[in-house]
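Encoded as structure tokens, the structure appears first; notes follow it.
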Amino acid sequence: MCELLGMNSSKPAALNFSFAGFSERGGRTGVHRDGWGIAFHEPSGCRLIIDDRPSIDSPLADALKHNPVKARNVVAHIRKATQGGVAPQNSHPFTRVLWGTTWSFAHNGDLSTFRPAPDPHFAPAGETDSERAFCYLLAGLRRRFPVQPPSRAALFTAVQTMAAVIARHGSFNFILSNGEFLLAHCSTQLYYVVRAYPFASASLVDCDLQIDFRQHNHLDDQIVVIATLPLTTGEQWQRFEPGELKLFAGGAPQAIHPGPGSDSGSKPLRLLMSY
């Protein structure tokens, strides 16, 4: 299977510390050697970097560790191929434009029986079940809300409904972002950690690298990192429940309260920090 990494932040932030550990799993501490990619949602748009080489051997991945990119939302992936050959068009994340905004998507799992009817607006460019699922999600959102984006609550409910349908065909862990917020769905295994005041130190699981977040963050900084498996020790990683969908915005998980026609259907959860 593949592995996922995502970030949602209250301010533009660099993911280079977490990415340094994550990329080790692409060929050194993990078997995910069939490509990697990362999408940065910046104010000017979505910057996508993909490679069909293992992240541990990729000059692009190495460059990101030393030249970090700051963004509010990031979606990253290391691939262990199950469907589709090792090729750039099969490397995650995938991106598409909906309602004038670029969305990025990465998936971990195997949807061997998922074969939805083709959609004229969102067609896969590669051969993966993951890209088919992404196109299905965006096509479903476009059908439900053809003119403009809905409230967060309505969008959350629609994605939750479609994710449950897709998950009947196998494991469907995914991260989806439009640059404003980030959605993460767990079918089998997914974790997140909130980094906020009071900041502490952490050590990467996959390589000998430590950081004291107090030296790199302001008091009002807040960042959520999502990963298939915890990347660090010294932090309190929270496990998703199977079938759970979470929305993150402003560096915090949001509690969604569906309300007809309301754009204020979400509010921050109370955060219990422990280091």
Side-chain angles (χ1 to χ4, degrees), residues 4 6-8 10 39 41 46 72-75 93-109 111 113-117 119-122 129-192 194 224 226 238-271:
L4 302 170
M7 183 193 76
N8 172 265
S10 61
H41 289 271
C46 181
R72 290 180 184 270
N73 290 276
V74 179
V75 177
F94 305 103
T95 60
R96 293 291 191 282
V97 175
L98 174 63
W99 304 311
T101 298
T102 300
W103 294 71
S104 64
F105 171 90
H107 164 235
N108 161 28
L111 302 167
T113 63
F114 184 63
R115 299 281 176 177
D119 182 88
H121 302 285
F122 298 101
D129 52 340
S130 306
E131 193 180 14
R132 289 196 298 271
F134 179 37
C135 290
Y136 177 88
L137 286 173
L138 293 193
L141 289 174
R142 187 181 184 277
R143 284 194 299 271
R144 288 168 169 81
F145 314 105
V147 179
Q148 61 185 10
S151 67
R152 284 185 185 176
L155 187 142
F156 181 92
T157 300
V159 171
Q160 190 174 47
T161 299
M162 289 185 286
V165 171
I166 297 171
R168 296 172 191 162
H169 297 268
S171 52
F172 192 42
N173 308 291
F174 71 80
I175 299 176
L176 172 71
S177 181
N178 65 351
E180 178 187 349
F181 54 82
L182 184 148
L183 288 159
H185 178 265
C186 174
S187 180
T188 55
Q189 190 167 240
L190 201 60
Y191 292 80
Y192 75 95
V194 180
V224 173
I226 302 102
Q238 306 291 326
R239 184 165 187 163
F240 284 66
E241 294 295 328
E244 186 176 21
L245 177 70
K246 287 185 178 291
L247 187 147
F248 301 92
Q254 305 289 309
I256 303 298
H257 303 290
S262 172
D263 284 318
S264 58
S266 62
K267 63 180 181 180
L269 291 170
R270 184 168 63 95
L271 302 179

message: One pair to check against side-chain contact (heavy atoms from CB on, under 4.5 Å): Phe156 and Leu183. What are the steps and the verdict?
response: CA-CA 8 Å; Phe156 181 92; Leu183 288 159; 3.8 Å; yes
Could you grab the distance from atom [atom1] of [X] to atom [atom2] of [Y], nearest 0.5 Å is fine?
X      : Y      : atom1 : atom2 : answer
Ser130 : Leu111 : OG    : CG    : 6.5 Å
Thr161 : Leu137 : OG1   : CG    : 11.0 Å
Phe145 : Ser151 : CZ    : OG    : 7.0 Å
Trp99  : Leu155 : CH2   : CG    : 5.0 Å
Leu190 : Ile175 : CG    : CD1   : 6.0 Å
Lys246 : Phe181 : NZ    : CZ    : 16.0 Å

query: Do you know the tightest heavy-atom contact between Cys186 and Gln189?
result: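 Scanning both residues completely, I find the closest heavy atoms to be SG-N, 3.5 Å.
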Nearest non-hydrogen partners of Ser10 and Gly250, listed with the distance: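 Taking every non-hydrogen atom into account, CB-O, 3.4 Å.
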message: Checking Arg72 now: which residues fulfil side-chain hydrogen bond (donor to acceptor under 3.5 Å, both in side chains) with it, not counting sequence neighbours?
response: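 Checked Arg72 against side-chain hydrogen bond (donor to acceptor under 3.5 Å, both in side chains); zero matches.
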Any non-hydrogen side-chain atom of [X] less than 4.5 Å from a side-chain atom of [Y]?
X      : Y      : value
Ile226 : Leu4   : no
Pro93  : Phe105 : no
His121 : Leu98  : no

task: Determine whether the side chains of Thr188 and Asn173 contain a donor N or O and an acceptor N or O closer than 3.5 Å.
output: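 A donor-acceptor contact under 3.5 Å links the two side chains.
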Check whether [X] reaches the backbone of [Y] with its side chain - one donor and one acceptor, N or O, closer than 3.5 Å.
X      : Y      : answer
Gln254 : Leu247 : no
His107 : Ser171 : yes
Asp129 : Arg132 : no

task: Name all residues meeting the side-chain contact (heavy atoms from CB on, under 4.5 Å) criterion together with Thr95; count only those two or more places apart in sequence or in a different chain, and write none if there are none.
output: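 Checked Thr95 against side-chain contact (heavy atoms from CB on, under 4.5 Å); matches are Cys46, Leu48, Thr102, Ser104.
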field: Asp119 with Arg143: basic N within carboxylate O range, under 4.0 Å
entry: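 Salt bridge present between Asp119 and Arg143.
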- prompt: Under a 4.0 Å N-O cut-off, is there an ion pair linking Glu131 with Arg96?
  reply: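 Yes.
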- request: Report the C-alpha distance between Phe134 and Leu176 in whole Å, list the side-chain angles of each, state the deciding distance to 0.1 Å, and finish with yes or no for side-chain contact (heavy atoms from CB on, under 4.5 Å).
  value: CA-CA 9 Å; Phe134 179 37; Leu176 172 71; 3.8 Å; yes
query: Mind checking what makes ring-ring contact (aromatic ring centres under 6.0 Å, His included) contact with His185, not counting sequence neighbours?
result: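 Scan of His185 (ring-ring contact (aromatic ring centres under 6.0 Å, His included), adjacent residues dropped) gives Phe172, Phe174.
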